[in-house]
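I have a structure I would like to understand better, so I am pasting it below and will then ask my questions one at a time.
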Amino acid sequence: MKVTAVLGSPRANSVSSAVARRLLQGAADAGHEIIVYEINKMNVKGCQGCGYCKNHNADCCIPDDMKNYWKDLHESGALVVTAPNYFSQVCGPMITFMNRHYCLTGKDHLPRLEPGKKLVGILSEGMPKPYEASEKNFRWFLECLSGRSMTVLEPLFASAGMKPEDLDALMEKAYETGKSL
């Protein structure tokens with residue numbers, strides 16, 4: 001199976017990226033093909049509301065770095081997304097990424113993705129431990145994506161202030177999640 005990951009942190013060595021790499025290692029060890037996109041290195045424009053996707057029952061027509069992603073997403077059995085919390089919300093580039101998934105519903109508002117794709121969210125923040133407002137917003141972000149016919153697996157939450165033993169446990173959970181995809 002193909003697993004597509006979109007890393008949302010602008011920092012390559014962020015906590016969310018480290019957890020994602022561990023999850024993807026588990027997926028690779030289980031024999032899955034891994035495709036990784038780093039949103040901060042991509043040219044991604046926001047949805048233009050042009051209606052092309054609805055009128056043509058097609059993926060977004062904007063000529064940017066999402067073109068290859070659409071193909072990989074359709075071919076994947078799982079999507080892994082990471083995002084840091086900035087000002088109590090998923091970072092801006094990942095909101096733009098999420099909004100672009102508008103094209104994955106047809107004119108009839110039914111999902112265009114083949115059902116059964118798994119969605120794993122890895123979400124982090126700089127606070128010592130996740131607080132309620134952030135968790136609610138993270139879950140909203142994942143639910144927006146899951147509304148496109150994806151099944152949300154239990155999200156993985158990380159914080160900069162995690163104790164080493166808690167981070168070790170999170171890394172083990174990420175690896176096992178990757179293997180189980």
Side-chain angles (χ1 to χ4, degrees), residues 3-25 27 34-49 53 59-60 62-70 72-73 76 78-105 113 117-162 166-167 170-171 173-175 177-178 181:
V3 176
T4 297
V6 180
L7 307 183
S9 179
R11 297 178 297 114
N13 294 321
S14 69
V15 173
S16 62
S17 295
V19 174
R21 283 191 295 277
R22 187 70 180 138
L23 183 143
L24 296 172
Q25 183 61 57
I34 309 300
I35 306 295
V36 177
Y37 292 91
E38 293 180 64
I39 202 78
N40 202 49
K41 294 181 179 179
M42 297 169 65
N43 172 28
V44 177
K45 295 181 173 109
C47 175
Q48 303 297 299
C53 59
D59 293 335
C60 184
I62 295 174
D64 64 5
D65 291 345
M66 292 286 285
K67 283 287 187 196
N68 291 334
Y69 165 78
W70 299 124
D72 288 330
L73 178 62
S76 291
L79 172 64
V80 177
V81 294
T82 73
N85 167 24
Y86 289 171
F87 204 59
S88 296
Q89 187 52 274
V90 172
C91 64
M94 289 306 283
I95 295 289
T96 298
F97 166 80
M98 178 207 51
N99 287 340
R100 289 288 296 280
H101 288 74
Y102 177 69
C103 71
L104 294 180
T105 56
L113 276 180
K117 292 184 190 304
K118 297 173 185 172
L119 173 63
V120 180
I122 300 171
L123 307 151
S124 66
E125 64 184 11
M127 298 295 289
K129 62 188 217 182
Y131 55 99
E132 193 174 309
S134 295
E135 184 173 336
K136 182 176 140 187
N137 290 333
F138 290 151
R139 290 187 186 278
W140 164 82
F141 170 74
L142 294 174
E143 287 170 11
C144 287
L145 289 171
S146 71
R148 303 306 183 248
S149 212
M150 292 182 254
T151 302
V152 180
L153 302 183
E154 184 60 31
L156 302 173
F157 292 100
S159 66
M162 290 181 93
D166 293 335
L167 187 56
L170 178 63
M171 290 297 198
K173 184 176 180 182
Y175 182 81
T177 299
L181 293 175

Taking all non-hydrogen atoms of both residues, which atom of Phe157 and which atom of Glu135 are closest, and how far apart?
CZ-CG, 3.7 Å
Under 4.5 Å between any side-chain heavy atoms of Pro10 and Pro93, yes or no?
no
From Ser76 OG over to Ile34 CD1, what is the distance, rounded to the nearest 0.5 angstrom?
9.0 Å
Test side chain to side chain contact (heavy atoms under 4.5 Å, CB included) on Arg139 and Leu142; report intermediate values, then the result.
CA-CA 5 Å; Arg139 290 187 186 278; Leu142 294 174; 5.6 Å; no
Atom NZ of residue position Lys41 - does it have more than 12 heavy atoms of other residues, nucleotides or ligands inside 6.0 Å?
no
Could you state the interatomic distance from OH (Tyr86) to OG (Ser9), rounded to the nearest 0.5 Å?
5.0 Å
Taking the side chain as C-beta and beyond, is there a heavy-atom pair between Val3 and Val120 under 4.5 Å?
no
If you take all heavy atoms of Ala83 and Val90, which pair is closest and at what distance?
CB-CG1, 3.4 Å
Search all heavy atoms of Pro63 against all heavy atoms of Lys45 and return the closest pair with its distance.
O-NZ, 4.3 Å
Spacing of CZ belonging to Arg21 relative to OG belonging to Ser14, to within rounding of 0.5 Å
7.0 Å
Does Thr82 reach the side chain of Val19, with side-chain heavy atoms less than 4.5 Å apart?
no
Lys67 side-chain N/O to Cys60 backbone N/O, donor-acceptor pair under 3.5 Å:
yes
Measuring only between side-chain heavy atoms, which start at C-beta, is Asn137 closer than 4.5 Å to Asn85?
no
So, does Thr177 use its side chain to make a donor-acceptor pair with the main chain of Lys173 at under 3.5 Å?
yes
With heavy-atom distances below 4.5 Å as the criterion, would you say the side chains of Tyr69 and Val44 are in contact?
no
Begin with the C-alpha distance, continue with both residues' side-chain angles, and end with the deciding distance and a verdict on side chain to side chain contact (heavy atoms under 4.5 Å, CB included) for Phe97 and Met66.
CA-CA 9 Å; Phe97 166 80; Met66 292 286 285; 3.7 Å; yes
Nearest 0.5 Å, please: how far is CZ in Arg148 from CG in Leu73?
11.5 Å
How long is the straight-line distance from NE2 of His101 back to CH2 of Trp70, given to the nearest 0.5 Å?
4.5 Å
Test your reading of the model: is there a side-chain donor-acceptor pair from Thr105 to the backbone of Tyr102, 3.5 Å cut-off?
yes
Cationic N near anionic O, under 4.0 Å, Lys118 to Glu154
no
Mind checking whether Thr96 and Ile39 have side chains closer than 4.5 Å, heavy atoms only?
no
Any non-hydrogen side-chain atom of Met150 less than 4.5 Å from a side-chain atom of Leu113?
yes
Partner of Arg100 under salt bridge (charged side-chain N to carboxylate O under 4.0 Å, His left out), chosen from Asp64, Asp59, Asp65
Asp64
Between Asn68 and Tyr37, is the side chain to side chain contact (heavy atoms under 4.5 Å, CB included) condition met? List the steps.
CA-CA 10 Å; Asn68 291 334; Tyr37 292 91; 3.5 Å; yes
Rounding to 0.5 Å, atoms CG (Leu156) and CZ (Arg22) come to a distance of 12.5 Å
Where is the tightest heavy-atom contact between Cys144 and Met98, given as atom of each residue plus distance?
CB-SD, 3.2 Å
If every non-hydrogen atom of Ser16 is compared with every non-hydrogen atom of Ile122, which pair is closest and at what distance?
O-CG2, 3.7 Å
What closest approach, in Å, do Ser146 and Leu119 show between heavy atoms, and which atom pair accounts for it?
N-CD2, 3.9 Å
